[in-house]
Amino acid sequence: MDIIFDFLKTTGFWSMTFGNAIMIIIGIFFITLAIVKDYEPLLLVPIGMGAVVGNIPTIAGMSLSVYDVHSWQQIGDEIIYQPGSVLSYIYFGVNQGLYPPLIFLGIGAMTDFSTMLSNPKLILLGAAAQIGVFLTFLGALFLEFNLQEAGAIGIIGGADGPTAIFLSAKLAPHLLGAIAIAAYSYMALVPVIQPPIMRLLTTREERLIRMKAPRNVSKREKMIFPIAAFLITTLIAPGAVVLLGMLFFGNLLKESLVTERLANTARNAMIDIVTILLGFSVGASTQADTFLRPESLLIFGLGALSFAIATAGGVLFAKFMNLFLTDKINPLVGAAGVSAVPDSARVVQMVGQQEDPHNFLLMHAMAPNVAGVIGSAIAAGVLWAVLVKESF
Amino acid sequence: MDIIFDFLKTTGFWSMTFGNAIMIIIGIFFITLAIVKDYEPLLLVPIGMGAVVGNIPTIAGMSLSVYDVHSWQQIGDEIIYQPGSVLSYIYFGVNQGLYPPLIFLGIGAMTDFSTMLSNPKLILLGAAAQIGVFLTFLGALFLEFNLQEAGAIGIIGGADGPTAIFLSAKLAPHLLGAIAIAAYSYMALVPVIQPPIMRLLTTREERLIRMKAPRNVSKREKMIFPIAAFLITTLIAPGAVVLLGMLFFGNLLKESLVTERLANTARNAMIDIVTILLGFSVGASTQADTFLRPESLLIFGLGALSFAIATAGGVLFAKFMNLFLTDKINPLVGAAGVSAVPDSARVVQMVGQQEDPHNFLLMHAMAPNVAGVIGSAIAAGVLWAVLVKESF
Amino acid sequence: MDIIFDFLKTTGFWSMTFGNAIMIIIGIFFITLAIVKDYEPLLLVPIGMGAVVGNIPTIAGMSLSVYDVHSWQQIGDEIIYQPGSVLSYIYFGVNQGLYPPLIFLGIGAMTDFSTMLSNPKLILLGAAAQIGVFLTFLGALFLEFNLQEAGAIGIIGGADGPTAIFLSAKLAPHLLGAIAIAAYSYMALVPVIQPPIMRLLTTREERLIRMKAPRNVSKREKMIFPIAAFLITTLIAPGAVVLLGMLFFGNLLKESLVTERLANTARNAMIDIVTILLGFSVGASTQADTFLRPESLLIFGLGALSFAIATAGGVLFAKFMNLFLTDKINPLVGAAGVSAVPDSARVVQMVGQQEDPHNFLLMHAMAPNVAGVIGSAIAAGVLWAVLVKESF
Amino acid sequence: MIIPFDTDTDSIIHHAQRLNSLMPSHFMLIIPQDLDHGISIAISGMLIVVFALLFISLFIAGLPRVLAIVAKVWPEVDTHHGKASSPSDSLASEDDAIFAAIGFVLHTEFQKQLQSESNS
Amino acid sequence: MIIPFDTDTDSIIHHAQRLNSLMPSHFMLIIPQDLDHGISIAISGMLIVVFALLFISLFIAGLPRVLAIVAKVWPEVDTHHGKASSPSDSLASEDDAIFAAIGFVLHTEFQKQLQSESNS
Amino acid sequence: MIIPFDTDTDSIIHHAQRLNSLMPSHFMLIIPQDLDHGISIAISGMLIVVFALLFISLFIAGLPRVLAIVAKVWPEVDTHHGKASSPSDSLASEDDAIFAAIGFVLHTEFQKQLQSESNS
Ligand code: NA
Ligand code: NA
Ligand code: NA
């Protein structure tokens, strides 16, 4: 024991703060959650490992952290380049909101909007769930976050990692780590958060509703949709132009049927590379001294609230719509409006089958699910447009 | 109707200019052309969608356009980073001429130079077609474009998108959008532009000429070729070192037979990623206020001219060569010297088969076709070298 | 002949220096070595072609070389961007040490640490071989290189290209080309350098030792290993956090079994793209005037020495360990401790089979082989941490 | 409840707010300003999201009918479409009812919102 | 014909040109300078392109003969090459004739061009 | 032996060293300073590498035993592990001996190194 003890004092083991240790444990917990529970592993594994890497105490004078950014300094008459750390160059894509649109490109090239096209009224459920975004925004203001911070926190309710990162980078970069971690944590915890709310707000009869099989959608509809939907949404909310431009561009690559190789690369190599770099560097940005703060706890609290509200919003709006419809919607499907694709759609399927094992809601739930992605991108665009102008 | 009207006035629909609407329609037209006619879809779909995205009117104060570039500003003693828009970071690769060489890398890793190696005299047809570049350059000067602008416009006659973008970025970045759109439009329209010129300049007897089957080419020849061709061309025209360095590097990765995995990535994931980013951001750079100008119309006119001249140059030089040859060249093959790989080679095949359905010119046409790529890269190198030195 | 001669004088052929010609020949020699002997082709082909491209004499005033980097210049009150060359943007990833960690990510996602996990004492051979790094460091100091330069030269003994490039970029960027070329050359020449040393230091009896088949390793061990190994190594040597962070992150993507698609992209498209860009731009950085210097010769001499010492270190330490062991280690296996994965492990197998064709040492040699990668990354971290602080 | 913010950009404002918060009379004047502004942002934001997705809904609901006309002039190669158009009609008529109802509510709300903004 | 240029870098020169163009005597002096310079760039550019590709042609035409000699010393593993060398010889002899002819024309043109440039 | 360095950052120091090297009495004082410092870097560097990999070795050697206990509480789905634990025990006991031996040598060396560094 003596040998080991003497040695430890000479290494970095002793200079590690308590906060770093906690963050490393959180990182390992994320990885464990991903492996054991299979919750959003493509994001929790990179983020978790990033958190472990980012919390190794480094030697003074070495540039290693994501926050050791490059700069230009004037020395005499010359402007000299001061290099940044390797992780800071990777984090640049997070910091400048570059990775989220590229991930949206890949998501667009993956997503089949058919079920949404075959039953357009379900789109409105994806809109209703965005109430989580705006109520959380108000909640954050109430807790004395400023407008920009509140906007970035509110978007956690969008249940969409790239959107949350994009908006945080623009409005409140100092909260980005906490917001991203909150968003991905709750997306991973969707199977835990949503079912009780869904059961609370629906009767057994409602949960038993079976929905009509969706109609076939023609190729032309699928080709026209990304262009038309892009024009409609961004002319209404121009702030969403980057996220939705890439999402619908990716979908057009898929549905045009003449650019299959580009769609294929967008949804495989390209999105994977960006996911690796984004996840790892977001994780590495959660250094104890910037992350373990009272705000982060508040953000986590607000994030949980926002998921709950969004779920409730979707379910209740489905019930409201049923007042006007003869072909009733199963209100469970409304919970998928929060997005968290495809987890929340799977949760709908699961909760539905607990009442009636022969009720297949998954396909119906995909419609509000993808509509929720569009909805929260619009919400992000609106918040960005309104709050970037405010300089108060 | 009244509801919709009231709402529209509060959104961005009303702030859209007439120019933006035209550009969006042009973008949709490009996408339609790609889908319906299958003309260069890998480029027209990204460019078209980029044009749609780039022409959504944005809110003042938000940095969204490709032209909202980052900068460093001195505030007091400190130099502060002013972030650019997401699209500006993607456009950086266009702006700095970074994407075209990477696309050439992939093209090199795709291209089989066998037919060219087996019949080296056909290479000269690829040289002859470059007359389109230099006559268009003179035409642009005559229309009072300055030397740099004329050089960038002339290269449209090279019928090679990446080369055109590369040279425009270096010599006339303010015309890049128009030049790129013109180059890709006419490459898409090769099946429309070339046939009448080819028929006008050839007799029926000439179009019926059958050519000897090409000989087999050894592996060693294919391995030596990229290195030797690189040295020959760039020692003569050092300005082409980046484009041709990457083209022949890609081809060496393919032909060396020991770096198959790198060649495979270069011609798949890598070229696809760059194509997506290049096409989309070039499209997004065609904002109405920078694109819808009198110059653009002149550039389109000169571009059409250059394709016509290049086609004529190739065909006529083939006829000239026939004066010295016993094994005659089918002069239609000369039209493939414009490059526009592989469309113009296919046009040769098509026009040839209209006279004689059993005449297979495609393989022969591939030789001037790929030689034309090399030829226009050399032309670009020469123009860059000469015009970048001139500061007049 | 007269025609050609007249023409040559007007082109760049005549302005080529003798040094450029030598470097082009070296480049072609590398490519030939890769093709004919199959020595490290994935690196020698890109580096060789890069050397050819980088030594074409360019026209004054054109920005083409990897050293024509971008800059910001103050003109009046404004700070104006001066663009760099295309190759300088690609070389940025070398220069800032960005590519090596990304290559380590791919290596991690490729590497199976099973044999190492099943026989942990073989790890120490990977440590012993690092004596080559530190003795070469001292040798370089003795030859009057300064401390930083000596550190960068010493790491050649790590027999690991990305590590050598990473440390050179940080400590002695002006020697990066020579160090990278030396490292990759000797890695390619491992089948030539190692066998005589291995035979010299072992008896026939030792070379005949057969080792026990390794035990099976559980999935849990493989999952826990990358996280634990990362924590152990970087808490001891925080300077290695970037390289080892990425190596073990890649391995976790592989072994977690839930992020297979990310691991797949990391070890295919991603590592290939980075390898192409790294190899080519490192090659292009070996311009005659910066490369053909007395230092480079010394570096090559020291590099050869370091490989020899590292090999001897591994073999002798295996013999030392045998003094304490009942299940003897075949000391040839120690030679694999230099890393140069997987070439040196193959050399062990080959030399072993020359004595006994039924002795399969390859699997055993993989353990010190991958441990050697970790060992030299730690050595690099230590040297960086110590030498970056020293400003003497 | 006071949270320790230390980001430079916000510190001045927050110091001002903290000073003000010591004076009870100002407390109710300053903090609610953000919240009040926030409420109007939240309402218009939610309305824009709903409008945008409603427009998409309407567009999609109408698209098959437009394409059915187009298909007569310029028929699609595969035959999926012919089968699809008839069931969509019945769906669409029901959609019309619900869209009209929601549209009316939204319009009314939106008008209220616009009025309250122009008054403040 | 006047085109509205508005890029900063060129504006001064173009303003000067426009001013000059108002004076008829200067018009013919200034605009053709660019064009004249352009013609010499175009001719030498075209020649360089043709020369470079001609060199490649010649190299490729000669390569099989060089490789045939090399293959005797150091034979290639696959047998494609042996078959290939004989037909290429007949092709190559014809190539020689055409390359000589083109080479001569190019050389003459290039010399003219060089002379005219050194005179101006 | 003098090597022509021309990197700006080092030139001043090297000029000084060259000047000093002309004076025989100083030669032995200045050059060895770097080398002496280098020796201490090299020794501690080598020790750190060995320690780090030794720790990994120890960790890996101990891991199967820890996992064997964990597996009782929370069994792994596939059965590789059960077979693996018994042979590793015998290996591990041998490992212990060698690790203890190497650990002792390293510790002694490291202590020496630390002492010499604190003295200088
Ligand atoms: Na959402
Ligand atoms: Na061309
Ligand atoms: Na090593």
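Within every chain, numbering begins at 1; the chains are lettered A, B, ... in the order of the sequence lines, protein sequences first and strands thereafter.
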Fill in: C/Leu105 versus chain A, the contacting section by heavy-atom distance below 4.5 Å
side chain
Item to complete: Look at A/Leu87, A/Ile276, A/Leu277, A/Val45 and state which one has the largest set of heavy-atom pairs under 4.5 Å with chain C.
Response: A/Ile276
Fill in: Chi angles and distances behind the side-chain contact (heavy atoms from CB on, under 4.5 Å) call for A/Val86, C/Phe166
CA-CA 10 Å; A/Val86 168; C/Phe166 183 80; 4.0 Å; yes
Worksheet item: Residues of residues 253-261 of chain C under 4.5 Å from chain A (heavy atom pairs)?
Response: C/Leu253, C/Ser256, C/Val258, C/Thr259, C/Arg261
Worksheet item: Rounded to the nearest 0.5 Å, what separation is found between the CD1 atom of A/Ile273 and the CG atom of C/Leu102?
Response: 9.5 Å
Discussion item. Can you tell me which portion of C/Phe92 sits under 4.5 Å from chain A's heavy atoms? Options are side chain, backbone, both or neither.
Written reply: side chain
Worksheet item: Could you walk me through whether C/Phe230 and A/Ile56 pass the side-chain contact (heavy atoms from CB on, under 4.5 Å) check?
Response: CA-CA 10 Å; C/Phe230 171 76; A/Ile56 297 295; 3.6 Å; yes
Worksheet item: Under a 4.5 Å heavy-atom cutoff, which of A/Pro46, A/Ala34, A/Gly84 has the most pairs with chain C?
Response: A/Pro46
Worksheet item: Under a 4.5 Å heavy-atom cut-off, does chain C meet the side chain of A/Ile28, its backbone, both or neither?
Response: side chain
Practice prompt. Just say parallel, tilted or perpendicular for the rings of A/Phe280 and C/Phe249, cut-offs at 30° and 60°.
Written response: parallel
Discussion item. Counting neighbours of OH on A/Tyr81 that are heavy atoms of other residues, nucleotides or ligands and sit closer than 6.0 Å, is the number greater than 12?
Written reply: yes
Worksheet, complete the sentence: Rounded to the nearest 0.5 Å, the OG1 atom of A/Thr32 sits from the CD1 atom of C/Ile227 at a distance of 6.5 Å
Response to the item:
Taken to the nearest 0.5 Å, the spacing of C/Leu262 CG from A/Thr275 OG1 works out to 6.0 Å
Item to complete: Of all the heavy-atom pairs spanning A/Pro57 and C/Pro238, show the shortest one and how long it is.
Response: O-CB, 3.6 Å
Fill in: Residues A/Asn268, C/Thr265; criterion side-chain contact (heavy atoms from CB on, under 4.5 Å); working and verdict
CA-CA 8 Å; A/Asn268 288 299; C/Thr265 294; 5.7 Å; no
Worksheet entry | Winner by heavy-atom pair count (cut-off under 4.5 Å) against chain A, out of C/Met246, C/Met270, C/Gln96, C/Lys170 | C/Gln96
Worksheet entry | Spatial distance of atom CD1 (C/Ile224) from atom CD1 (A/Ile31) [nearest 0.5 Å] | 11.5 Å
Item to complete: Test side-chain contact (heavy atoms from CB on, under 4.5 Å) on A/Ile90 and C/Leu98 and set out the steps.
Response: CA-CA 9 Å; A/Ile90 296 176; C/Leu98 198 54; 4.2 Å; yes
